[in-house]
Structure formats: structure tokens, C-alpha cells
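Notes for the one structure printed next.
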Amino acid sequence: MIVRKVGELLVEQKLITPEQLSEALDLQKVFPDQTVGQLLCKLGYIKESDLSYMLDQKDKRRKLTDILVASGLIDQQNISHAREASKQHNISFEKALLKLNYIDEENLAKAVASQFDMPYVEIDSLDLDLSFSRYISAVYAQKQRIAPISKIGNTLTLAMARPIKSHDVRELEDSIRLKIISVIASETSISKALKRLYNIDTVSSVTANEEVNLDLVPDSIIDLLSNTSAGDEPDVEEETKKVTEKDSVIVKLVNKIIYDAYMNKASDIHIEPYPGKRDVIVRTRVDGQCSIYQRIPYKYKFALPSRIKIMGDLDIAERRRPQDGKIEFKKFGPLDIELRIATMPTVGGLEDVVIRILASGDPVGFKDLGLTERNLQLFKESITRPHGLVLVVGPTGSGKTTTLHSALAQINQTNRKIWTAEDPVEITQAGLRQVQVNPRIGFTFAAALRSFLRLDPDVIMIGEMRDDETASTAVEASLTGHLVFSTLHTNSAPETITRLLEMGLDPYSFSDSLACILAQRLARRLCKDCKESFHPSVAEYEELVDEYGRAEFAATGLKYEEAVMFRGVGCDACGNTGYHGRLGIHELLECTIPLKSLIKRRADADHIREQAAIDGMTTLKQDGILKVLHGLTDIYEVRRVCIK
């Protein structure tokens, strides 16, 4: 698409001549901070009202965010957060910036003035002539958020927080028979002017949505902790009482911990109090690795867990047994996220708390899962079958649910009825019928699966095969014309088969129903901003070949002379770790006819692995080594997460 410049549009609409545009462009070389439109107005070639109308019609205004970033007032992270808060609380983007304390009213008003090429003024409400109120009605002034602040001859100056439309200004000029000059002022100064001129108290008329509390997250946790006073060993009852009375420091402290963890893309927060006068340790898990986020003074060792338990509607008086619950954080802070919390009593009458930040949002794209060409093709064939059993296996936190939802998104069409039973429901998709299981009331995965079969489904996803009842019901469902997805906590794809057989599944039914098993791990991805390439030494290369398997590696066609590996150096973007983000390492076992025969004979995992290799399966470590040679991660990460 060709982007038309302002000058070209003005010439096209015959508002200026090409010669006048050329003169303004030459003048801009002398005054580079002035726009072409501003210079054309100063040269007298175009009226400000005509320029403003054209800019609005053609959407050629500079973006407010660009002005704020260029002036160094905010950064892109602030913008993203403010947009999220704006949508969540149904307030304007500018209001969100103010509520989050990312910018003050004066600088925001100056940026708006710059955006619309209007003067910025500071209003002294005490000096306003009360007679100005007769030119603009109180109702109109309050509705439009405008205030008349000066009159010289036949010209009235109107202050406004946001520019009103050009045709509204012209209609107002015709009505009061005065020429109007529009200027920008801060919201607060407009309110004070309206109070002075019309005795309108606009502060009390603010809507409930605008009063949303977005300033509960302080700028720095260091500032928060520096304001706390040192004290003696806290008493548990006394500290709990403070929390129930909503002590502002504790409220802000918990909100800041959660906010920072979310912004740093952490999956978990660990709060660990210790006996005596030792600091409370707060650790966060980012990209699968725990690190210390902050040390909190010991005086909060009772208050922090109690505050979190209040947010999760747990019993703060019960400190002798574990509890678990969930928090809808939008009730307490500026983020619309769901948290899962679990408490555990520890020595000294203390409690550890672990907060899980649920990864809400859209599923990962199917082609972004990081599957190799062979694995992607076979997995796609399996999930598009009319019936069968597809399993994704691996330890907790290996991305199994993410992979299954990506697969569901691939086949989520109006001609398929899809039911899912999950614990918890983290990723939502339009078109899926998603159910949260609740074992406490007997609504288990097995119970949900049996109920689904009475609801005429095409595809069923069961969050986890936790027992033989769930597994056998899933196999039966796959044999009666349903495509069933599920997960299992096993180390590898071949071991999954032996595990299910040990759980009591009929090997004949199981072998007939199984389509494929995808085992996976998550390894840290090398930071793209600081990774550097190097040619491995002969010893390093030979070690890789040995780990891969010499016979299998020869089949890849890779040569030592062509081998290129990468390592992370460390930079600000990755927190000097050399890693940023994660990628999947996979092992896909296809249930071929020879493999079905092994399952029916209850073969052990080693024989199943040998047959799967013959069928083309690459093991987890082999897949990881291939991704090392493609520069996505390093061998240390592969060794950390994979077995031989």
C-alpha cells in the first residue's frame, strides 16, 4: 500500500500549490522540528481549520504514543500495559496512563497539544472572569469538557482536555457570534475552571470505571521496602490483623511481586519465609529456571502469606494444613490474569506459598510448535483422523496442554463438536466446549469423559489420564468413533505404552485405538540478540555424534566441516543469561502395524523403542541435538532436559 504524505494530499485537494509545498519543504530544512502542515499555516498558505480537517479525515495525525516515546516519557512496555488496562477496565488509554502513574497530567496535555498542533496553556482558575460563563452553557461545557478562559475583542479562547470536532467549533462560533481559538489544558485545570465558572464539581461525577484502582503497583519494590520500618520479631496474630485491615504497604507489596513476575513472563512465584530474623525469599521461575527475585524483611513473614490467602478466599486462621485456591487478580490489581495458589505449613509455624500464573490467551500456532518436518506431518495426520487416541506426554510444565490446544485449533471447525475436560482451563478457544473438572465433588476426568459420550462429540480432550478408569474409558471412546486427545506424565513415548499396559488396558483394544504418542520437553532458547556462532572442535563434534548415535547421525548427512553451533553471550534483553524464551524438543512414536504387534505381545519399552526407531522416530535427545546444530539452543540445555 502506498502511503500518501500530507503535502501531497493538500496539493491533490488543491488547498495549496506545488510551489507553496516546495517552499514549505525548503523551510523545514531550517526548522526540522516543525511539520510541513505547521509551516504552511505560518506561511499563510492554508488555514489551520482546513489543515486540521484534512488531517482528521485522512488519519494523518501523529500517534500520541509516538510523541510520548520520542520525548522519552514512556516506553513500549508502559504502552502495552496501559492498553491492556484500558481494555480490561473500559477506560481510555490516556486515563490508564495516568492511573498507572506512567505520566503526569501536564506532560500528557502537552503531548496531546503537539499531536493536534494546538497551543498548551496553564489555567489560573482564580483569575478567570466569571462573565465568560455566559458564552457557553454549563451543560455543554460539562459535556464537552471545555472552559472559556479568555476574550479579546471578538475572539474567545476555549480550553479543552481533548480537541472537539471542527464542525462543532464552527457551530459554536455561529451560535455565540464570536471567533474561537482552541487550546489544550490538563484535565484537572479544566475541572477547576468549570468549578470556578459554573460551580460544577466534575470530580464527584467521575464514573465508577474511571475510579478503577490502577495505582496499586508502585514504581519500584526497593522504594516500597525502603519505606518500611525495622521492628522486633512480628507476632502472627498482630500481623494477620494488619492484613485484614488492608495495610497499604502489604497490599502494594503483593501486587508488585505478582505484577513484576507477570511482566517478566514468570510461570510461578515461590514465597519462602524462614524462622527467626532471616529475610523472606521470593523466587520466580522464568523459562523453567528459578531465581531469587527479592528478599523481603522478616517482619512480613506472616503478613505476606495471609494477604495472599485473603485474595484467594482461603482460611487465614488455618496454618496447620495445606490449602489451595485461585485468585482473579483483576479484583486487586491492574492485570486481568488468573492465579492458582497453594500453601504448605513449614517449621516455626510458617507457611510457604506458591503462586502459579496461568498462561491465558490464544493457542500457539501449529507450525510454531517447533516440530521437525517428519514429526509435524505425522502429528497432523493423527489429529485429522476421524477416530483414535492421540497422547502428549512429559513431566509437569513441559508444555503438553499448549501442544494439545494448538492441535485442537488446527481442527477446530464448525463441522466438528469438540469437548474438553481440563484442570485448570488455562487456554480458551471459541468453538470449544470447555469444562473445569472438580474432584472434590466427584466430577473427575473419568466422570467428565463418560458424560461427554452422551453429548454426541466428534473430538474429546481429557486433561490427564490419572487412573485406569480414565484410560480405559478413553480407549473405548476412541474405538467407538471419537478422536480422543489426552496427556500422561511419562518420560518417553515408548515408556508410555508400557505404563498404560501396566495400568490394566487391554493390549488389543489399546493397539487398535492408538494413533501416535508425542513426548516433549521444553529447553531454553538461545537469546537471538546476543547469541554468537562458532565452529565446534573435533572433540565437541565427536561427543555430539556419540550422544546422537553414530549410525543414526550418518543418516542425517551432516558433516563436521559444515557444523555450526551457537552460544549465548548475555545481554540486557535476556538478563545476561544468554537464553530468552523456550522451544519444544519432541519424540513422536507412530503406531505402525509392527508396533501394534509388539503392543499385543506386551513387549518391553526397549523393544518398542527399537521398532519406533526403525519406523523413523528420533528420540528426545536426537531431536534436541538437531536443534543445537540449527542454532536454536545449546547442548547443555538438551542434556539438562533430555534422557538418552
Side-chain angles (χ1 to χ4, degrees), residues 369 371 375 378-379 382-383 385 387-408 419-427 435 437 439 444-450 452 459-479 482-507 509-522 584-591 595-596 598-599 602-609 611-612 617 619-620 623 641-643:
L369 290 174
L371 292 161
N375 290 347
L378 288 178
F379 194 51
S382 297
I383 66 172
R385 290 172 55 158
H387 56 82
L389 181 63
V390 176
L391 298 175
V392 179
V393 303
T396 301
S398 59
K400 301 185 294 296
T401 302
T402 300
T403 298
L404 281 182
H405 267 281
S406 297
L408 288 175
W419 281 94
T420 77
E422 304 169 66
D423 185 21
V425 177
E426 296 184 37
I427 302 171
V435 173
V437 300
T444 60
F445 284 121
L449 181 50
R450 287 194 301 271
F452 287 168
V459 181
I460 298 170
M461 185 185 104
I462 299 299
E464 184 183 342
M465 286 187 176
R466 292 180 178 171
D467 50 57
D468 57 347
E469 183 185 6
T470 307
S472 58
T473 309
V475 169
E476 290 173 15
S478 64
L479 291 172
H482 305 93
L483 181 61
V484 180
F485 294 167
S486 191
T487 71
L488 210 67
H489 288 113
T490 53
N491 288 324
S492 67
E495 288 177 27
T496 304
I497 292 175
T498 56
R499 169 77 63 83
L500 289 170
L501 291 175
E502 288 170 1
M503 288 171 64
L505 288 186
D506 174 48
S509 299
F510 178 42
S511 62
D512 288 342
S513 67
L514 184 63
C516 74
I517 302 173
L518 179 71
Q520 71 177 57
R521 298 290 189 278
L522 289 178
I585 294 173
H586 306 93
E587 171 179 283
L588 192 139
L589 180 149
E590 181 188 12
C591 193
L595 201 64
K596 290 179 186 291
L598 288 177
I599 295 173
R602 294 182 178 270
D604 59 28
D606 290 337
H607 286 98
I608 292 172
R609 185 178 292 107
Q611 182 59 51
M617 182 187 83
T619 65
L620 285 165
D623 190 64
V641 302
C642 292
I643 59 174

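FYI, side chains are in, hydrogens and waters are out, and symmetry mates aren't considered; it's all heavy atoms of this structure.
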- Item | Nearest non-hydrogen partners of S492 and R609, listed with the distance | OG-NH2, 3.7 Å
- Between R602 and E502, is a salt bridge (Lys or Arg N to Asp or Glu O under 4.0 Å) present by the stated rule, with each step listed? CA-CA 9 Å; R602 294 182 178 270; E502 288 170 1; over 6 Å; no
- Item | Minimal non-hydrogen separation, H586 against D623, with atom names | N-OD2, 2.9 Å
- Message: For a quick test of reading the model, state the closest non-hydrogen atom pair linking L449 to T470 and the distance between them.
- Response: CD2-O, 3.8 Å
- Message: Could you check whether any side-chain N or O of S511 sits under 3.5 Å from a backbone N or O of I599, counting only pairs where one atom can act as donor and the other as acceptor?
- Response: no
- Could you walk me through whether L371 and F379 pass the side chain to side chain contact (heavy atoms under 4.5 Å, CB included) check? CA-CA 9 Å; L371 292 161; F379 194 51; 4.0 Å; yes
- Donor + acceptor pair across side chains of S509, D512 (<3.5 Å): no
- Item | Exercise: identify the closest heavy-atom pair between V393 and K400 | C-CD, 3.6 Å
- Point-to-point distance, once rounded to the nearest 0.5 Å, from CE of M465 to OG of S486: 4.5 Å
- Would you please say whether a donor-acceptor pair under 3.5 Å links the side chains of E476 and H482? no
- Message: One pair to check against side chain to side chain contact (heavy atoms under 4.5 Å, CB included): V459 and W419. What are the steps and the verdict?
- Response: CA-CA 6 Å; V459 181; W419 281 94; over 6 Å; no
- Query: Does the R521 side chain pair with the main chain of I585, one donor and one acceptor, at a distance under 3.5 Å?
  - Reply: no
- Query: Ignoring hydrogens and geometry, is there a side-chain-to-backbone donor-acceptor pair from E587 to L620 under 3.5 Å?
  - Reply: yes
- Salt-bridge test for D423 and R466: reply yes if a basic N is under 4.0 Å from a carboxylate O, no otherwise. yes
- Message: How close do Q611 and L598 get, counting heavy atoms only, and between which atoms?
- Response: CB-CD1, 3.5 Å
- Note on the structure: OG1 of T490 to CG of L488, rounded to nearest 0.5 Å, is 5.0 Å
- What one should report as the nearest heavy-atom pair of D468 and M503 is CB-O, 3.2 Å
- Query: Roughly how far, to the nearest 0.5 Å, is CG of L479 from CG of L389?
  - Reply: 9.0 Å
- Query: Does some side-chain heavy atom of I497 sit less than 4.5 Å from a side-chain heavy atom of L500?
  - Reply: no
- Tell me, with the steps shown, if M461 and L404 meet side chain to side chain contact (heavy atoms under 4.5 Å, CB included). CA-CA 8 Å; M461 185 185 104; L404 281 182; 3.8 Å; yes
- Does some side-chain heavy atom of H489 sit less than 4.5 Å from a side-chain heavy atom of T396? yes
- Query: If you measure only the distance, is there a donor-acceptor pair under 3.5 Å linking the side chains of T403 and Q520?
  - Reply: yes
- Going from CG on L518 to CG on L391, what distance comes out if it is rounded to the nearest 0.5 angstrom? 10.0 Å
- Task: Determine yes or no for a side-chain-to-main-chain donor-acceptor pair under 3.5 angstrom, with N375 supplying the side chain and L378 the backbone.
- Result: no
- Query: Between atom CD1 of I462 and atom OG1 of T473, what is the distance when rounded to the nearest 0.5 Å?
  - Reply: 9.0 Å
- Task: Please report the C-alpha distance between V475 and L505 in whole Å, then the side-chain angles of each, then the deciding distance to 0.1 Å, and finally whether the side chain to side chain contact (heavy atoms under 4.5 Å, CB included) criterion is met.
- Result: CA-CA 8 Å; V475 169; L505 288 186; 3.9 Å; yes
- Query: At what distance, to the nearest 0.5 angstrom, does OG of S472 lie from CZ of F510?
  - Reply: 12.0 Å
